[in-house]
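Positions are given from 1, in the same order as the sequence printed here.
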Amino acid sequence: LEYTLPRKYDFAKFSKSRTIINCLTYIEMKFGSEFRNTILRELQVDPRFFDSPDRQMNIGVLRDLCSLLAKFGMKEADFINMGKMSYFVNKEEGLGKDLGSHSNVIDLFADICENHSDKFDQNFDYFITKCEKDGISIGSKPTELALDYLDVKEVGSSLTCITKLGVFGSFPHYLNFLRSYAIKTKCMRQGDNIYEYKIFYTS
């Protein structure tokens, strides 16, 4: 079945519902199903829309979800933990198996940037910027397509970036680096020419 989105989200659908599923899983685990359903009612999004991680959606769903959760008092750690749920939600499916097949973290992130980033969204291009002894840095820039269709100067929000820290920090988990985390080192909202995230990982 095809479930529709509210009109304000029913265009420029360059994101996948996979990331929202991570968030909703965390929300339900920490705050309960009633709170999860309340959030979806506020967004006017049918919960059945999230029965598949590959449904296409507008990034505004994630932006508005994060904004709403902040109004309900969620802290930065919660947004990071929502992103970290990416590993637990995806590890047993095909995407997780592919990501877990690599022999090292550099190859893992090269594969994510080159072949799998569209499983999460097509609003940004992703690329490796630095490989250092203590971690790897990933850069991103909004695509011209997203900027054009969304008709915005910036894509997403500061809160969606925080959630992205959790997602990036969870990727080394696929190779059993369970003590991994990410920080943001560059931000276009603060005048940099790209967004950049540095991922630290230890076994």
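Judged by distance alone, the side chain of Asn90 and the main-chain N or O of Ser86 form a donor-acceptor pair under 3.5 Å. Checking side-chain atoms of Thr25 against main-chain N and O of Ile21 turns up a donor-acceptor pair under 3.5 Å. The closest donor-acceptor contact from the side chain of Ser180 to the backbone of Gly169 lies under 3.5 Å. Distance alone, capped at 3.5 Å, is enough to place a donor-acceptor pair between the Asn58 side chain and the Phe11 backbone. In this structure a side-chain-to-backbone donor-acceptor pair under 3.5 Å is present from Asp192 to Cys187.
Enclosure of atom CD in Glu34 is not indicated, since only 12 or fewer non-hydrogen atoms of other residues, nucleotides or ligands lie within 6.0 angstrom.
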For this session: Using the side-chain contact (heavy atoms from CB on, under 4.5 Å) rule, take Phe124 and Lys164 through it: C-alpha gap first, then chi angles, then the decisive distance, then the call.
Result: CA-CA 12 Å; Phe124 295 87; Lys164 195 174 288 186; 3.7 Å; yes
For this session: Check the pair Phe14 / Val155 against side-chain contact (heavy atoms from CB on, under 4.5 Å), numbers first and verdict last.
Result: CA-CA 11 Å; Phe14 305 132; Val155 178; over 6 Å; no
For this session: Show your reasoning for whether side-chain hydrogen bond (donor to acceptor under 3.5 Å, both in side chains) applies to Arg41 and Thr38.
Result: CA-CA 5 Å; Arg41 282 196 297 271; Thr38 297; 3.2 Å; yes
For this session: Step by step, work out the side-chain hydrogen bond (donor to acceptor under 3.5 Å, both in side chains) result for Asn123 and Tyr149.
Result: CA-CA 10 Å; Asn123 297 287; Tyr149 275 79; over 6 Å; no
For this session: Give the C-alpha distance, both sets of side-chain angles, the deciding distance and a yes or no for side-chain contact (heavy atoms from CB on, under 4.5 Å) between Phe168 and Tyr126.
Result: CA-CA 11 Å; Phe168 276 123; Tyr126 296 94; 3.8 Å; yes
For this session: Verify side-chain contact (heavy atoms from CB on, under 4.5 Å) between Cys66 and Thr163, making sure each step is shown before the conclusion.
Result: CA-CA 9 Å; Cys66 289; Thr163 302; 3.7 Å; yes
For this session: Take Phe35 and Phe72, measure what ring-ring contact (aromatic ring centres under 6.0 Å, His included) needs, and give me the verdict at the end.
Result: CA-CA 10 Å; Phe35 181 68; Phe72 274 100; 5.3 Å; yes
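With respect to Tyr87, the ring pair (Phe, Tyr, Trp, His ring centres under 6.0 Å) criterion is satisfied by exactly one of Phe177, Phe171, Tyr174: Tyr174.
The distance from the CD atom of Gln122 to the OG1 atom of Thr143 is 8.0 Å, given to the nearest 0.5 Å. Interatomic distance, Ile59 CD1 to Ile20 CD1, rounded to the nearest 0.5 Å: 9.5 Å. Separation of atoms CG (Asp98) and CD (Glu93) is listed at 9.5 Å; rounding is to 0.5 Å. Annotation: the span from Gln56 atom CD to Leu5 atom CG amounts to 10.5 Å, rounded to 0.5 Å. Here the NZ-CG distance, from Lys119 to Leu99, works out to 8.5 Å after rounding to the nearest 0.5 Å. Atom NZ of Lys71 is separated from atom CD1 of Ile39 by 10.5 Å, given to the nearest 0.5 angstrom.
Transitive grouping of hydrophobic side chains (ILVMFWY, heavy atoms separated by less than 4.5 Å) brings Leu40 and Tyr9 into a common cluster.
Residues Ile194 and Thr129 form a side-chain contact, since some pair of their non-hydrogen atoms from C-beta on lies under 4.5 Å apart.
Within the cation-pi definition used here (under 6.0 Å to the ring centroid, within 45° of the axis), Arg55 does not qualify as a partner of Phe50.
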